[in-house]
Student: 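Please read through the structure below; I'll follow up with questions.
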Amino acid sequence: IRAALYSFVRKVNEKQSFCEESTLFTAERAAMLKTYLPPQVKQDWQTGAGWPSKSKSKRKDAKIYLMSQTIDGQNVNRNGILIRGLIILLCAGIINATSVFITPLAEFYGWEASAIANVGTTMLTFWPIGSLLGGKLLQKFGGKAVTLIGAVTFGAGLVLTGLVPNSTPGMLYFTYSFLIGMGNGITYCGAMYCVMGWYPDKKGLATGLCMAFNGGSSAFLAPLCSGITQMFNVKVTLFSCGIVCAVICIVCGLGMKSAPVGYVPVGYVQPSSGAALSSQYESYPISRAWRTRQFWLQLGAQAFFPAFYLIMFSRFSMFMTDKGIDLAYATLGVSLYNVGNVVGRLLLGKLTDNIGYKKVYLCCWALCMICGICLLTGSSVAMILIAYICLGAGFGATNSVYPVMTNTSFGPVYAGNIYGFALLGYMVMTQVIPIVTNATITSTGGYTTAFILAFVLCTLGAVCGVLIPKLDRPRLKEATESEKE
């Protein structure tokens, strides 16, 4: 690192480009990127003093900097990175069908349902932590490293789940909840934000595609896994899924690359308004972001908005059977929810490029309100099916809105890490809301109180999202000039 940086400093000081045909390593570009280095490092840079190899913090900054400089953005096929990312997220989406593994595993070993009742919920708790870690790893080591780490952890979790002894069902909380939750979160955040970095001009479309592939994969992966389980057994399913998903994600991950700082796509035409891409502004790290109102409003939005989903996540079938509706309709309801989820992620995600994420977020809120009204007042099959479709579209689309929200406020460089921290609010609510829901249903004998609470929380989340003000970040060139002054 020291030798590479010293060589680069020398060439910049001599006003030379890194290569004759590339415009990435020009002196102007280097000046823009100095913004992301700490003051002492900038002084070392300007004086050509080399790199103090004994300083951990400076070695870390060197890795971040050099990682961002290893790619000539103009010579990279960003569509190829998008396709690789979509395949990775397709494999990662298998966790959306928890019952495909857990229920057959309990039946295979004869375990009591109470022994593994919260395995899926606990996995949802570790998933945001994995996303936080994935964002940090993406920032430090780049897209390739983070997807490889996530793929290995995720695949190992599936394989080890199949090796859990009959006498220790509690091990599922480590193999399934922890390893799969963490590994999948790392893979999800790393792949998605790596792809987003290459599409600063089409953030909504890129995010919508990523989320649609991730959310829709369970529509065909779940039946496939069920078929393998019926043909052989659940352990064969876990082994095959773990190995195949890991191999596919590793192969695709080898081609993942992080976009360079300040990346602008070839052929991009600036609008007449003069507004620049978010990548052309200084990015805020979490150390600066958490001090802003924008961060806490986003954390509140991500924590409170999913109230209806967290109530219904494990009760899609149970809710309909409790109302005396045939189980076949319950299965149809789950399928329609998945359809609404995919369509909402794709279409409303794309819409953020046209009308902005705040208006799309209000659309998501309106769909959740329609869902709540149908669940609260409807007793017919049609009303409940409409509720499931609206919930799928409304909640599913927020998964395409939040990355755009993060990128717009804080820039692309640290967006994955900031998104992971904002998910901590959601992590807390994955534990709180199910507990409160179970308590209210047990005490009242119905869902009315739980749904009224969901109306309040979802509206509070929507208010938080809409009230996020624009964060005035300096342009990269302006930030550099102010540093010189």
Student: Can you tell if the side chain of N184 reaches within under 4.5 Å of the side chain of M123, non-hydrogen atoms only?
Tutor: no

Student: Would you say the side-chain atoms of T147 pair up with the backbone N or O of K144, donor to acceptor, closer than 3.5 Å?
Tutor: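 Yes: the side chain of T147 pairs with the backbone of K144.
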
Student: Please give me the minimum heavy-atom distance between D201 and P265, naming the atom from each residue.
Tutor: OD1-CG, 3.5 Å

Student: State, to 0.1 Å, how close A246 and A151 come at their nearest heavy-atom pair, and which atoms those are.
Tutor: CB-O, 3.9 Å

Student: At what distance, to the nearest 0.5 angstrom, does OG of S409 lie from CD1 of I418?
Tutor: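 Here the interatomic distance stands at 9.0 Å.
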
Student: Compute whether any side-chain donor of one residue and acceptor of the other, for Q294 and Q298, lie under 3.5 angstrom apart.
Tutor: no

Student: Atom CH2 in W365, atom CG in L460: separation rounded to 0.5 Å?
Tutor: 12.5 Å

Student: Going from CG on L297 to CZ on F295, what distance comes out if it is rounded to the nearest 0.5 angstrom?
Tutor: 11.0 Å

Student: Ring-plane angle category for W296 and W290, please: parallel below 30°, perpendicular beyond 60°, tilted otherwise.
Tutor: perpendicular

Student: Taking T437 for its side chain and A450 for its backbone only, find out whether a donor-acceptor pair lies under 3.5 Å.
Tutor: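 Checked: no pair found.
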
Student: Please report the shortest heavy-atom distance between C210 and M192, naming the atom on each side.
Tutor: CB-CG, 4.4 Å

Student: Do you know which two heavy atoms are closest between R293 and P469, and how far apart they sit?
Tutor: NH2-CG, 3.5 Å

Student: Does Y193 have any ring-ring contact (aromatic ring centres under 6.0 Å, His included) partners at least two apart in sequence or in another chain, and if so, which?
Tutor: Y419

Student: Pair L86, L82 - check side-chain contact (heavy atoms from CB on, under 4.5 Å), show working.
Tutor: CA-CA 6 Å; L86 294 179; L82 172 63; 4.0 Å; yes

Student: Determine whether more than 12 heavy atoms belonging to other residues, nucleotides or ligands lie under 6.0 Å from atom NZ of K350.
Tutor: yes

Student: Are the side chains of V76 and Y263 in contact, using a 4.5 Å heavy-atom criterion?
Tutor: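 Y263 does not reach V76 side chain to side chain.
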
Student: Using the side chain to side chain donor-acceptor pair (under 3.5 Å) definition, which of the options Y357, Y426, Y361 pairs with Y402?
Tutor: Y361

Student: So, the side chain of S400 versus the backbone of G396: is there a donor-acceptor pair under 3.5 Å, distance only?
Tutor: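 Checked: no pair found.
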
Student: Check whether any side-chain heavy atom of F101 lies under 4.5 Å from a side-chain heavy atom of C241, and answer yes or no.
Tutor: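 The answer is yes, as the side chains (C-beta and beyond) meet within the 4.5 Å cut-off.
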
Student: Regarding Y388 and N338, do their side chains bring together a donor and an acceptor under 3.5 Å, going by distance alone?
Tutor: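 There is no such pair between these side chains.
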
Student: Go through the steps for R288 and E282 under the test side-chain contact (heavy atoms from CB on, under 4.5 Å), then give the verdict.
Tutor: CA-CA 12 Å; R288 293 180 66 183; E282 180 183 2; 2.9 Å; yes

Student: Please find the pair of heavy atoms, one from T408 and one from K203, that lie closest to each other, and give the distance.
Tutor: OG1-CE, 3.8 Å

Student: Do F395 and C371 have side chains that get closer than 4.5 Å, going by heavy atoms?
Tutor: no

Student: Can you see which heavy atom on R78 is nearest to which on W198, and at what distance?
Tutor: NH1-O, 2.9 Å

Student: Would you compute the distance between atom CD1 of I149 and atom CZ of F141 and round it to the nearest 0.5 angstrom?
Tutor: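 Answer for the CD1-CZ pair, I149 versus F141, is 7.0 Å.
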
Student: What's the separation between atom CG in L148 and atom CG in L137, rounded to the nearest 0.5 Å?
Tutor: 11.5 Å

Student: Kindly indicate whether the side chain of Q302, heavy atoms from C-beta on, has any atom under 4.5 Å from the side chain of L424.
Tutor: no

Student: Please tell me if the side chains of Y281 and L471 come closer than 4.5 Å, counting only heavy atoms from C-beta onward.
Tutor: no

Student: Could you walk me through whether F421 and Y414 pass side-chain contact (heavy atoms from CB on, under 4.5 Å), step by step?
Tutor: CA-CA 11 Å; F421 274 97; Y414 308 101; over 6 Å; no

Student: What's the separation between atom CH2 in W127 and atom OG1 in T122, rounded to the nearest 0.5 Å?
Tutor: 16.0 Å

Student: Tell me whether S258 contacts the main-chain N or O of G143 through its side chain, where contact means a donor paired with an acceptor under 3.5 Å.
Tutor: yes

Student: Quick one: does L348's side chain get under 4.5 Å of V401's, heavy atoms only?
Tutor: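 They are not in contact (no side-chain heavy atoms under 4.5 Å apart), so the answer is no.
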
Student: Run the side-chain contact (heavy atoms from CB on, under 4.5 Å) check on I180 and L158 step by step: do they pass?
Tutor: CA-CA 7 Å; I180 294 179; L158 285 169; 3.6 Å; yes

Student: Could you tell me whether the side chain of T125 and the main chain of M427 form a donor-acceptor pair under 3.5 Å?
Tutor: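 Between the backbone of M427 and the side chain of T125 there is no qualifying donor-acceptor contact (under 3.5 Å).
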
Student: With a 3.5 Å distance limit and no angle check, can you tell me whether T153 reaches the backbone of G183 through a side-chain donor-acceptor pair?
Tutor: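 Not at all, since once roles are kept as given, no pair shorter than 3.5 Å links the two residues.
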
Student: Under 3.5 Å, is there a donor-acceptor pair between the side chain of N407 and the main chain of A415?
Tutor: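 Not a single qualifying donor-acceptor pair exists.
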
Student: Under 4.5 Å between any side-chain heavy atoms of F305 and C368, yes or no?
Tutor: yes

Student: So for atom NZ, which belongs to K358, do other residues, nucleotides or ligands contribute more than 12 heavy atoms lying within a distance under 6.0 Å?
Tutor: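 Yes, NZ of K358 has more than 12 neighbouring heavy atoms, counting only those of other groups under 6.0 Å.
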
